[in-house]
There are 2 protein chains.
Amino acid sequence: MKYIEKLRNSGLRPTKQRLQICEVLFDTKQTFHFTINDLAKKIKDQLDNRISLATIYNTVHAFEKKGYLKQIPINSNQTYFDTNISDHHHFYDLNEEKLIDLENSDVGPINIKRKINGKKIKSVEVLVKLED
Amino acid sequence: MKYIEKLRNSGLRPTKQRLQICEVLFDTKQTFHFTINDLAKKIKDQLDNRISLATIYNTVHAFEKKGYLKQIPINSNQTYFDTNISDHHHFYDLNEEKLIDLENSDVGPINIKRKINGKKIKSVEVLVKLED
DNA sequence: ACACCTTTTTAGAATCATTATAAAGTAAAT
DNA sequence: ATTTACTTTATAATGATTCTAAAAAGGTGT
């Protein structure tokens, strides 16, 4: 199993549940956005066994902390995650409540001129809200 | 009262509660960020009478819809609002969980090259995450 | 001022995502 | 194989936000 090493290397035990969640998240051609509920449904549909909701939360947060997932900053009652961890930005369609990837080449370079003492920039994320 | 006209013009009845919330939000030299809970506390401290939490929610959402407040896209369990409705962006200090305004001049122009058919850009918001 | 209609406020209940708990199960180390 | 430290799990708890329906207040016309 190709994810066993990946998990071990980051200090996460490769449990059956984590490996299955890896498959659902990363065995796809296309990256995608999801909420915990989306993921829970996907897991229920794709797997024979069931994984408890608590485990799904734990796993997603563990993966996010390790950098295998990105949280998307957006005001919604649910938290959105992205399996695309490359440097990129998002459209958010307010009418359809849908996220759309903006390739990095779709956005000109972003120049942050101000510095805060003792702080490093961890990420720069652009959210472009769309309406009809 | 200077807010009566403002509210009437946007189709909101200038009720006692709304006018008082206007004072708390807009009678300040500096703009600021807040959550509903922050605001509720501020209201309790600054006013003699009490305003129900439901009204605070209603009012903030009404003001946001009318453009007197901006929601700040950030992943937090609470929703953040900003009384600074000018075009500007934010630092988010991950360690201290604090928002800091970035003046528009602190960020170079942002060029969104991609268009989505039939959709207009409503806003472009940059969130710069900081860590120690 | 009064009557009428509409909007707003309110307390409390309901909802819903997320986190905490604590017991049972599993991986890894000795 | 035994022990130890993680993990999973069902369920309960939490906490922000929204809903509800009744009371109060604003606005308009008389």
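Chain naming here is simple, since letters A, B, ... match the order of the sequence lines and numbering starts at 1 in each.
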Are there any protein N/O atoms within less than 3.5 Å of an N/O atom in nucleotides 21-24 of chain C, and if so, which ones and at what distance?
none

- Position toward the 5' end of DNA chain C (nearest nucleotide), Tyr80(A) or Ile51(B): Ile51(B)
- For Ile56(B) and dT18(D), what is the distance between atoms CD1 and P respectively, to the nearest whole Å? 14 Å
Give me, pair by pair, the N or O atoms of the protein and of nucleotides 22-24 of chain D that are less than 3.5 Å apart, along with how far apart they are.
none

- Message: Can you tell me how far apart CD (Glu131(B)) and NZ (Lys122(A)) are? Round to the nearest 0.5 Å.
- Response: 5.5 Å
- Find the distance Gln20(A):CD to dT7(D):P and express it as a whole number of Å. 16 Å
- Query: Looking only at side-chain N and O atoms, does Thr55(A) come under 4.0 Å of OP1 or OP2 in dT9(D)?
  - Reply: yes
- Query: Which angle, rounded to 10°, do you find between the first-five-pair axis and the last-five-pair axis of the helix from dA1(C)-dT30(D) to dT30(C)-dA1(D)?
  - Reply: 30°
- For Phe91(A), which residues count as a ring pair (Phe, Tyr, Trp, His ring centres under 6.0 Å) partner, sequence neighbours excluded? none
- Looking only at side-chain N and O atoms, does Arg50(A) come under 4.0 Å of OP1 or OP2 in dA10(D)? yes
- Are side-chain N/O atoms of Tyr3(A) and Asp27(A) paired as donor and acceptor at under 3.5 Å? yes
- Query: Would you call Asp132(A)-Lys120(B) a salt bridge at under 4.0 Å N-O?
  - Reply: no
Enumerate, atom names and distances included, each donor-acceptor pair closer than 3.5 Å involving a side-chain atom of residues 43-51 of chain B, sequence neighbours excluded.
from, atom 1, to, atom 2, distance (Å)
Asn49(B), OD1, Gln20(B), NE2, 3.2
Asn49(B), ND2, Gln20(B), OE1, 2.9

- Round to the nearest Å and state the distance from Leu39(B) atom CG to dT17(D) atom C1'. 15 Å
- Going through the distances and angles, do Leu94(A) and Leu130(A) end up as a side-chain contact (heavy atoms from CB on, under 4.5 Å)? CA-CA 6 Å; Leu94(A) 290 164; Leu130(A) 297 177; over 6 Å; no
- Message: Both Leu53(B) and Leu12(B) contact DNA chain C. Which one's nearest nucleotide lies toward the 5' end?
- Response: Leu12(B)
- Task: Nearest whole angstrom, please: distance from the P of dT17(D) to the CZ of Phe81(B).
- Result: 7 Å
- Query: Which heavy atom of Asp93(A) sits nearest a heavy atom of Glu96(A), and at what distance?
  - Reply: OD1-N, 3.0 Å
Pairs under 3.5 angstrom, nitrogen or oxygen only, protein versus nucleotides 15-17 of chain C, please.
none

- Message: Using whole Å, what does the distance between atom P of nucleotide dA16(D) and atom CD1 of Ile74(B) come to?
- Response: 16 Å
- In terms of the nearest nucleotide of DNA chain D, which residue is placed more toward the 5' end: Ile36(B) or Asn49(A)? Asn49(A)
- Taking only residues two or more places apart in sequence or in another chain, which ones pass side-chain contact (heavy atoms from CB on, under 4.5 Å) with Asn58(B)? none
- Let me know the distance between CD of Gln17(B) and P of dA11(C), rounded to the nearest Å. 10 Å
- Phe81(A) and Leu39(A), any side-chain heavy atoms less than 4.5 Å apart: no
- Item | Evaluation steps, side-chain contact (heavy atoms from CB on, under 4.5 Å), between Tyr92(B) and Ile72(B) | CA-CA 11 Å; Tyr92(B) 184 60; Ile72(B) 304 172; over 6 Å; no
- Taking all atoms of both residues into account, what is the closest heavy-atom pair of Gly67(B) and Ile85(B), and its distance? O-CD1, 3.4 Å
- Smallest heavy-atom separation, Ala40(A) atom then Leu53(A) atom, equals CB-CD1, 4.2 Å
- Query: Which pair of heavy atoms, one from Leu127(A) and one from Pro73(B), lies closest together, and at what distance?
  - Reply: CD2-CB, 3.7 Å
With the criterion being N/O to N/O and under 3.5 Å, what pairs connect the protein with nucleotides 25-30 of chain C, and how long is each?
from, atom 1, to, atom 2, distance (Å)
dA28(C), OP1, Arg8(A), NE, 3.2
dA28(C), OP1, Arg8(A), NH2, 2.9

- Listed by chain and number, what are the ring pair (Phe, Tyr, Trp, His ring centres under 6.0 Å) partners of Tyr80(B), not counting sequence neighbours? none
- Minimal heavy-atom distance between Phe34(B) and Asp38(B), with the atoms involved, is CA-OD2, 3.5 Å
- Using modelled atom types only, decide if a donor and an acceptor are shared between the side chain of Lys70(A) and the backbone of Ser86(A) within a distance under 3.5 Å. yes
- Message: Does anything in residues 58-67 of chain B come within less than 4.0 Å of DNA chain C? Heavy atoms only, and list the residues if so.
- Response: Asn58(B)
- Task: Identify which one of Asp82(A), Thr83(A), Asn84(A) satisfies the side chain to side chain contact (heavy atoms under 4.5 Å, CB included) criterion when paired with Leu69(A).
- Result: Thr83(A)
- Task: Rounded to the nearest angstrom, tell me the gap between atom CD in Gln71(B) and atom C1' in dA16(D).
- Result: 13 Å
Name each donor-acceptor pair under 3.5 Å that joins a side chain in residues 99-110 of chain A to protein atoms two or more places apart or in another chain, with its distance.
from, atom 1, to, atom 2, distance (Å)
Asp101(A), OD1, His33(A), NE2, 3.0
Asp101(A), OD1, His88(A), NE2, 3.1
Asp101(A), OD1, His90(A), NE2, 3.1
Asp106(A), OD2, Glu103(A), N, 2.9

- Message: Measure CZ/Phe34(B) against P/dT17(D) and give the value in whole Å, please.
- Response: 11 Å
Please tabulate, for the side chains in residues 9-17 of chain B, all donor-acceptor contacts under 3.5 angstrom to protein atoms that are two or more places apart in sequence or on a different chain.
from, atom 1, to, atom 2, distance (Å)
Asn9(B), ND2, Glu5(B), O, 3.2
Ser10(B), OG, Lys6(B), O, 3.1
Ser10(B), OG, Leu7(B), O, 3.1
Ser10(B), OG, Tyr68(B), OH, 3.0
Thr15(B), OG1, Arg18(B), N, 3.2

